[in-house]
Amino acid sequence: MFSFRLAYIFSYNLFQFCGHTWILANSIARLLTFGRDALADTFYSIGLVMSLCQLLSILELFHIADGIEKARLLPRFVQVMEKNLLLIMVIMVEEIQSKPVVFVLFFLWNILDLLRYTHELLCSMDKPSIAMLWARYTLRIPLYILSVATEVVTIYQTLPYVEATPPKSCSLNSTTSAHIRRPILLMLCLPVLALGASVTVWQLLKERQHRLEKWNKKMKRK
């Protein structure tokens, strides 16, 4: 059972690592080749692979609950859900897919995930690296804050495309009501996102302190 779990978590982290490495390489190559024009079709070039990686990240909640991965459930839950919900919004609102903010959002998500999966992959191979440990638990905090700020900008730029339209007739009351609810729901997402990000940053700071202290104690024993 232990060997099966180890093989499973190694395969999962390897798949995510390869997926995010491909996304990063594709994004940089397109940016260097086409310049600013590459920003317009970011979603069409890497959206499918990004969607698959983020969808599979839901499995990590079960990994933590089952004890396969040792991590705090609350910050991981917030990060996984906010990414998937924002991704669903981008998929549903086609007008936002060609915005440069989507490129920045995907790029930050990719860097964050690549730091984490590289570290997890090394740990599953029993070859932990202090450099990757520090990068994962230190660099990801400012990167996460930047990604949340980009998510707020993405929601704000989406609002004009889901704004309510005035009713043309009484028969359209239900349709108009649905249009009215959409921007309100997006506006309500902003304070929820800010609250969730604050709790997550607090949890990440505690986790960073715990992980680095644990590593230092391990090094002193050796």
Side-chain angles (χ1 to χ4, degrees), residues 2 5-25 27-28 50 53-87 104-152 192-222:
F2 176 78
R5 288 189 173 192
L6 184 61
Y8 165 75
I9 201 67
F10 174 80
S11 301
Y12 173 81
N13 289 322
L14 180 62
F15 175 83
Q16 291 282 15
F17 172 80
C18 293
H20 288 287
T21 300
W22 181 88
I23 292 171
L24 181 64
S27 301
I28 294 176
M50 177 65 78
C53 290
Q54 295 302 329
L55 181 63
L56 289 177
S57 68
I58 298 176
L59 292 173
E60 296 172 19
L61 303 179
F62 298 97
H63 297 170
I64 298 173
D66 194 47
I68 299 177
E69 181 183 352
K70 294 182 179 180
R72 296 179 183 270
L73 182 60
L74 180 59
R76 186 67 59 83
F77 175 81
V78 173
Q79 293 173 55
V80 168
M81 295 311 297
E82 74 182 33
K83 285 182 179 180
N84 278 279
L85 291 176
L86 260 294
L87 190 57
V104 179
L105 181 64
F106 282 7
F107 187 80
L108 290 173
W109 282 0
N110 186 65
I111 295 296
L112 280 167
D113 289 332
L114 202 53
L115 285 174
R116 178 156 58 89
Y117 292 119
T118 303
H119 172 72
E120 294 294 338
L121 191 60
L122 290 174
C123 289
S124 62
M125 295 167 61
D126 199 20
K127 295 181 179 179
S129 168
I130 183 59
M132 284 307 307
L133 178 71
W134 183 89
R136 178 188 173 181
Y137 291 104
T138 303
L139 292 181
R140 72 171 180 169
I141 296 176
L143 285 173
Y144 175 71
I145 296 173
L146 284 175
S147 71
V148 171
T150 308
E151 290 170 9
V152 171
V192 174
L193 183 61
L195 178 61
S198 301
V199 174
T200 302
V201 170
W202 176 63
Q203 292 282 352
L204 291 177
L205 288 170
K206 290 177 62 178
E207 188 174 6
R208 175 185 180 275
Q209 182 180 5
H210 171 71
R211 295 286 183 175
L212 293 180
E213 286 179 353
K214 185 177 179 180
W215 179 273
N216 290 332
K217 289 179 182 179
K218 184 179 179 180
M219 290 296 101
K220 289 179 181 179
R221 290 173 185 171
K222 291 184 177 181

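Here the structure is a predicted model, which means the values were calculated and not measured.
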Are side-chain heavy atoms of [X] and [Y] found at a separation under 4.5 Å?
{"X": "L24", "Y": "L114", "answer": "yes"}
{"X": "R5", "Y": "D66", "answer": "yes"}
{"X": "V148", "Y": "E82", "answer": "yes"}

Shortest non-hydrogen contact from [X] to [Y]?
{"X": "S57", "Y": "Y117", "result": "CB-OH, 4.2 Å"}
{"X": "G19", "Y": "C53", "result": "CA-SG, 4.1 Å"}
{"X": "W109", "Y": "L87", "result": "CH2-N, 4.2 Å"}
{"X": "I58", "Y": "F62", "result": "O-CD1, 3.7 Å"}

In Å and rounded to the nearest 0.5 Å, what is the [atom1] to [atom2] distance from [X] to [Y]?
{"X": "M125", "Y": "L6", "atom1": "CE", "atom2": "CG", "answer": "11.0 Å"}
{"X": "I9", "Y": "E69", "atom1": "CD1", "atom2": "CD", "answer": "5.5 Å"}
{"X": "L85", "Y": "E151", "atom1": "CG", "atom2": "CD", "answer": "10.0 Å"}
{"X": "L143", "Y": "F107", "atom1": "CG", "atom2": "CZ", "answer": "9.5 Å"}
{"X": "R116", "Y": "M132", "atom1": "CZ", "atom2": "CE", "answer": "11.5 Å"}
{"X": "T200", "Y": "I141", "atom1": "OG1", "atom2": "CD1", "answer": "11.0 Å"}

Salt bridge (Lys or Arg N to Asp or Glu O under 4.0 Å) between E207 and R76, intermediate numbers included: CA-CA 12 Å; E207 188 174 6; R76 186 67 59 83; 5.5 Å; no
Residue pair Y12 / E60, side-chain donor-acceptor N/O under 3.5 Å: yes
W202 CH2: over 12 foreign heavy atoms closer than 6.0 Å: no
N/O donor-acceptor pair under 3.5 Å between S124 side chain and L121 backbone: yes
N/O donor-acceptor pair under 3.5 Å between N110 side chain and F106 backbone: no
Parallel, tilted or perpendicular, as decided by the 30° and 60° cut-offs, for the rings of Y137 and H119: perpendicular
Sole residue of Q79, Q16, K83, R140 in side-chain hydrogen bond (donor to acceptor under 3.5 Å, both in side chains) with D113: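 Among Q79, Q16, K83, R140, the one meeting side-chain hydrogen bond (donor to acceptor under 3.5 Å, both in side chains) with D113 is K83.
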